[in-house]
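Just below is one structure, and these are the notes that go with it.
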Amino acid sequence: MNDGVNVTPSAPKVRQVLALLALRANGTVPLHQLVEELWEERPPSSAATTLQTYIYQLRKLPGLNLETTPGGYRLSVPRDSLDSIRFAELAGRGRQAMEDGRVAEAADLLHEALAVWRGPALSDLAPGPIVGIDALRLAEQRYEVLEERIDADLMLGRHHRLISELTALAADNPTREGLHAKLMLSLYRAGRRPDALEVFQRIRRVLIRELGLEPYSELQWLHQQVLAGDRGLDLPAGRVVGRAVYPAATAAQEPVKLPADVPLIGRDAELAKVGQMLREPAGQGPTCVCVAGAPGVGTTSFTVALAHRLADAFPDGRLYVSFGDPATPRTVGDVLGELLEAIGHVRAGLPAEVAERAALLRAWTAGRRVLLVVDHVSDAHQVTPLLPEDSRSAVLVAGYRRLYGGHFGTPVDLSPIGPEQSLELFFGALGRERLLGDGSARLMLDLFGGLPGPMAEAVGLLELRPHWSVRQLVDWMSRDRPTAPTHERPHPFHHVRRRCGGLDPRAGDALVKLAGEADEVLTVEQAARILDMGSDAAEEFLEELVEFFLLEVDLVRDGSSERYFQYRMPRLLRMALRTASVGAFV
């Protein structure tokens, strides 16, 4: 708007450019991001000229301050002129008020923040990949603030007026467990216990049918308290409930928050070994074991399956958290918040500082035997704030790379499964007839190298395309593609690309170059020549790739007492990187 007149451009592409500049207001938007937003991975040859035309059209808009900067463009706006900035500032003030115990003020500020929204973010735009992700981010932020505002209203005893709103929200979000928990509590406090119990049964049916999951521990605990008519759920007369909508979990309750167990093939020995390591107290501090391996070797499935088998050793709780994609990992504070929610705290009542959240977790674990499963870890520093207090507790880490540190015991490298187990996986899913007779079984064994993750993705793709032979699958995997595979359907390269995304961008580019020019067996001298660097630098780089399980190492003897290393890039890794453009996974 300019002086009350809507000056928003009508051309779709120009609106996309304006949207991206506004989302990054007062910061530079690089040219490559604008090109990707407009044309994704297929820009026309005239992209630069066309983009300049769009920028020229925007500069003609009255009141728009659009500057050219080195490498991009910058839209300068006053801080109070964008709804997104206004929303973030009000939400931040509301959260701070909640932290300070000023619940009524917090509720008012969070109400005011939500009132800034006039509908779904960027709903009048056909977004590209970058703006589309930002729209999803803004929508998730709105839901987070909405739940925090509802928490504040519950603390103020406004459960009667919340019931209709929460009923509609729960219907629109049938698997969002936090909303259903708040609806259950509101109904219970309003004297409608049968309706509260029906809410639990409804979401339980949906979760089992859609996801194969039971409700998480807080919701199950709330269900039990409603069944028992626990007076601890009532709002104390004449005052606000301190910092938690729900009472914190007690020692008598065993919080269990684990993904569904999955059957493992060929892992009995490793399960027994690591299980024994976790059962033995470390002496000082909790036992901490890191399991790592090649991309797709199955560290997540392994650690989750083991946690399901250790209920007797850790009777006071077994909790799972993940740091997510290594390219954009979650913060330690966010992961701590998830753990604290699992044991009964409410996110809106948690302290903001990581150290304070870590202290809360340690205080709860003191005197308890708890197992924490921490997935997708790429740095030992991510684990340190999560360590329990009691030496009888344990932490089981699934790492993207080998980790070291004072709290880690003996690391465990998870090896690929053997040929017989690989064939068992393929035959069990696809049948013997589809793999025998034309050498397909041998082709699959050679290509996937005993990695269960890529094998399962390949099986999933062949099940979606039953008319394909295995050789057609391999041919399809070998074709050059400018973009990385999406997770909308199975793809054997998902695990490799995800692991490579955790590398420094320059290291990722160098790895793609090695995959394109090197043979399967690689020496330091060959790597130095391909990458145009000194031998010492090349050796350091190759050893870093070994730490990420992206290269394998062979010890070679030349007939004398001398020995040296040579490196090997697995076939699947080379294929995944040779079909990717440089930086496609970063």
Side-chain angles (χ1 to χ4, degrees), residues 1-4 6-8 15 18-29 33 61 63-67 69 73-125 127 130-156 158 162 165 169 178-179 182 240 243 245 328 330-334 336-337 341 346-357:
M1 302 290 289
N2 185 60
D3 293 332
N6 187 356
V7 296
T8 305
R15 289 163 68 89
L18 179 58
L20 182 53
L21 291 168
L23 286 165
R24 305 289 192 276
N26 302 316
T28 295
V29 179
Q33 285 192 4
L61 297 178
L64 201 67
N65 184 6
L66 182 55
E67 311 166 27
T69 64
Y73 298 96
R74 172 191 175 97
L75 179 64
S76 297
V77 300
R79 289 195 59 81
D80 60 351
S81 65
L82 288 179
D83 290 341
S84 59
I85 296 177
R86 175 69 174 158
F87 168 74
E89 289 180 345
L90 287 167
R93 288 168 56 196
R95 285 166 173 156
Q96 187 58 54
M98 183 72 82
E99 292 291 333
D100 295 342
R102 296 176 280 116
V103 181
E105 181 183 347
D108 290 342
L109 287 166
L110 296 175
H111 273 278
E112 191 177 347
L114 292 167
V116 173
W117 285 75
R118 297 177 299 233
L122 305 168
S123 58
D124 57 348
L125 185 74
I130 298 177
V131 171
I133 290 174
D134 273 2
L136 291 175
R137 173 181 57 81
L138 288 169
E140 186 59 32
Q141 288 177 352
R142 176 181 177 274
Y143 260 107
E144 289 173 0
V145 173
L146 177 63
E147 293 203 38
E148 291 166 353
R149 190 225 83 206
I150 292 170
D151 284 339
D153 283 341
L154 278 169
M155 292 179 184
L156 295 168
R158 298 169 178 171
L162 287 172
E165 178 186 11
L169 287 170
L179 289 174
K182 293 170 177 57
V240 170
R243 284 199 168 196
V245 178
T328 55
R330 298 171 64 193
T331 65
V332 173
D334 190 27
L336 278 166
E341 281 187 300
V346 174
R347 185 69 68 113
L350 293 177
E353 296 298 323
V354 170
E356 293 182 41
R357 293 188 175 192

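Nothing here was measured: the structure is a model prediction, and the numbers come from that model.
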Does any part of the side chain of [Y], heavy atoms only, come nearer than 4.5 Å to the side chain of [X], both counted from C-beta?
X: Val332; Y: Arg357; result: no
X: Arg149; Y: Leu114; result: yes
X: Leu146; Y: Glu165; result: yes
X: Asp134; Y: Arg24; result: yes
X: Gln96; Y: Asp100; result: yes
X: Leu20; Y: Tyr73; result: no
X: Ile150; Y: Leu169; result: yes

Determine, stepwise, if the pair Asp153 / His111 fulfils side chain to side chain contact (heavy atoms under 4.5 Å, CB included).
CA-CA 10 Å; Asp153 283 341; His111 273 278; 3.1 Å; yes
How about Glu67: does its CD atom have over 12 heavy atoms from other parts shown lying under 6.0 Å from it?
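Atom CD in Glu67 is crowded, with more than 12 foreign heavy atoms closer than 6.0 Å.
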Spatial distance of atom [atom1] ([X]) from atom [atom2] ([Y]) [nearest 0.5 Å]:
X: Arg93; Y: Asp108; atom1: CZ; atom2: CG; answer: 11.0 Å
X: Thr28; Y: Gln33; atom1: OG1; atom2: CD; answer: 10.5 Å
X: Leu23; Y: Leu18; atom1: CG; atom2: CG; answer: 9.5 Å

Worked verdict on Arg95 versus Val145 for side chain to side chain contact (heavy atoms under 4.5 Å, CB included)
CA-CA 9 Å; Arg95 285 166 173 156; Val145 173; 3.6 Å; yes
Do NZ/NE/NH1/NH2 and the carboxylate oxygens of Glu112 and Arg86 come within less than 4.0 Å?
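Salt bridge flag = yes for Arg86 with Glu112.
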Carefully, step by step, assess Arg74 and Asn26 under the rule side chain to side chain contact (heavy atoms under 4.5 Å, CB included).
CA-CA 6 Å; Arg74 172 191 175 97; Asn26 302 316; 4.0 Å; yes
Ala22 to Leu82 - nearest heavy-atom pair and separation
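Looking at all heavy atoms of both residues, the shortest contact is O-CD1, 3.4 Å.
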If you take all heavy atoms of Phe87 and Arg142, which pair is closest and at what distance?
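Minimum heavy-atom separation between Phe87 and Arg142: CZ-CA, 3.9 Å.
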